Amino acid sequence: MSSVAQCRIVEEPLDRLADYGTIPIRFEVRSLFEVVGDVPATAVLREQPVQTPWIKDYDVMKGEGPTRWAKNWDVSNWGLLAAYIGDQRVGGAVLAFNTDGVNKLEGRDDLTALWDLRVHPDHRGQGIGRNLFAAAAQWAKQRHCTELKVETQNINVPGCRFYQKQGCHLSSIDRASYADLPDEVELIWCLSL
């Protein structure tokens with residue numbers, strides 16, 4: 001039986017964010033997308049190998065990581081989805097909704113941001129992320145949202161490809177979003193619901 005068939009996704013209370021954070025989000029950067037153009041509808045993403053691969057881990061960056069989110073934002077309207085195989089947590093997704101101060105939500109109450117999606121490295125490539133994404137879209141629809149918005153970077157080639165495969169379109173390119181990481185380009189993907 002495949003991991004996807006065994007996987008169950010449940011919504012958990014936000015006080016489980018520390019447990020959620022036990023799933024690593026790190027990945028190896030082996031290539032990046034050179035973003036040609038600034039208009040999302042016509043921009044071209046050209047994959048380029050990096051000279052020396054490195055590990056990107058958002059959880060170790062200043063101010064990041066699941067245990068810090070509730071300190072920085074009012075997460076009372078947020079959602080936490082967890083993926084399990086048996087009793088083992090193998091992934092999850094966090095969704096931001098109707099929250100003041102979250103720029104990605106644009107002050108709208110018909111938009112959900114997929115804040116974070118992670119699958120344990122031992123279980124990646126087995127469809128768990130796809131199931132989590134579908135559950136995230138359903139969560140947003142239940143709140144009468146018209147869009148699901150996802151932020152990633154040009155250094156996360158697998159992430160960008162994943163969101164494209166889920167039906168997302170590139171909606172925003174920001175080359176100056178990360179003051180501390182000037183070589184990274186913010187890419188915003190949207191799924192119409």
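Predicted model only: the values in this text are computed from it and were never measured.
Shortest non-hydrogen contact noted between L132 and A93 is CD2-N, 4.1 Å. Contact detail for G167 and L191: the closest heavy-atom pair is O-CD1, 3.6 Å. The two residues A135 and I9 have their closest heavy-atom pair at CB-CG2, 4.0 Å. Across L114 and A136, no two heavy atoms sit closer than the pair CD1-CB, 4.2 Å. The two residues F133 and L117 have their closest heavy-atom pair at N-CD1, 4.1 Å. Closest of all the heavy-atom pairs between D59 and G21 is OD2-O, 4.3 Å.
Y163 contributes atom OH, which lies 13.5 Å from atom CG of L170 (distance to the nearest 0.5 angstrom). Going from atom CH2 of W139 over to atom CG of L193 covers 11.5 Å, rounded to the nearest 0.5 Å. Annotation: the span from E184 atom CD to L32 atom CG amounts to 9.5 Å, rounded to 0.5 Å. Between the CG atom of N77 and the CZ atom of F97 there is a distance of 6.5 Å, given to the nearest 0.5 Å. Interatomic distance, OG of S172 versus CG of L187, reported as 8.5 Å (0.5 Å rounding). Within the model, atoms CG of L80 and OH of Y20 stand 7.0 Å from one another, a figure rounded to the nearest 0.5 Å.
Between E12 and R89, some side-chain heavy-atom pair lies under the 4.5 Å cut-off. The closest side-chain heavy-atom distance from E106 to L111 is below 4.5 Å. Side chains of N98 and L105 form no contact here, defined as non-hydrogen atoms less than 4.5 Å apart. Side-chain contact between T146 and R108 is present, with heavy atoms from C-beta onward closer than 4.5 Å. Residues I55 and F27 fail the side-chain proximity criterion, which asks for heavy atoms closer than 4.5 Å. You'll find the side chain of K56 stays beyond 4.5 Å of the side chain of R26, heavy atoms only. Contact of the V94 side chain with the W69 side chain is registered, since non-hydrogen atoms from C-beta on lie closer than 4.5 Å. Side chains of D122 and V90 form no contact here, defined as non-hydrogen atoms less than 4.5 Å apart.
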Anything under 3.5 Å between a donor and an acceptor, one on a side chain of residues 37-52, the other on a protein residue two or more places apart or in another chain? List them.
residue : atom : partner : partner atom : Å
D38     : OD1  : R175    : NE           : 2.7
D38     : OD1  : R175    : NH2          : 3.1
T42     : OG1  : V39     : O            : 3.4
E47     : OE1  : R161    : NH1          : 3.4
E47     : OE1  : R161    : NH2          : 2.3
E47     : OE2  : S31     : OG           : 2.6
Q48     : NE2  : E34     : OE1          : 3.4

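A donor-acceptor pair is defined here as one N or O able to donate and one able to accept, closer than 3.5 Å; no such pair exists between the side chain of Q88 and the backbone of Y84. With hydrogens and angles ignored, the 3.5 Å screen pairs a side-chain donor or acceptor of R118 with a backbone N or O of I23. Side chain of K149 to main chain of T112: no donor-acceptor pair is present (N/O by atom type, distance under 3.5 Å, no hydrogens or angles). The backbone N or O of A96 sits nowhere less than 3.5 Å from a side-chain atom of T99 that would complete a donor-acceptor pair. Side-chain N or O atoms of D174 include none that pairs as donor or acceptor with a backbone N or O of E186 at under 3.5 Å. At least one donor-acceptor pair closer than 3.5 Å links the side chain of H169 to the backbone N or O of C190.
Cluster membership for V60 and V29, using ILVMFWY side-chain heavy atoms within less than 4.5 angstrom, is not shared. Follow the hydrophobic side-chain contacts under 4.5 Å out from V185 and you never reach I188; the two are in separate clusters. Both L181 and I25 sit in one connected hydrophobic cluster of ILVMFWY residues. Membership requires side-chain heavy atoms under 4.5 Å apart, directly or through other members.
Heavy atoms from other residues, nucleotides or ligands lying under 6.0 Å from CG of D180 number 12 at most.
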Side chain to side chain contact (heavy atoms under 4.5 Å, CB included) evaluation trace for C160 with W189: CA-CA 8 Å; C160 291; W189 301 90; 3.8 Å; yes

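Classified by interplanar angle (parallel below 30°, tilted 30° to 60°, perpendicular above 60°), the ring pair W115/W73 is perpendicular.
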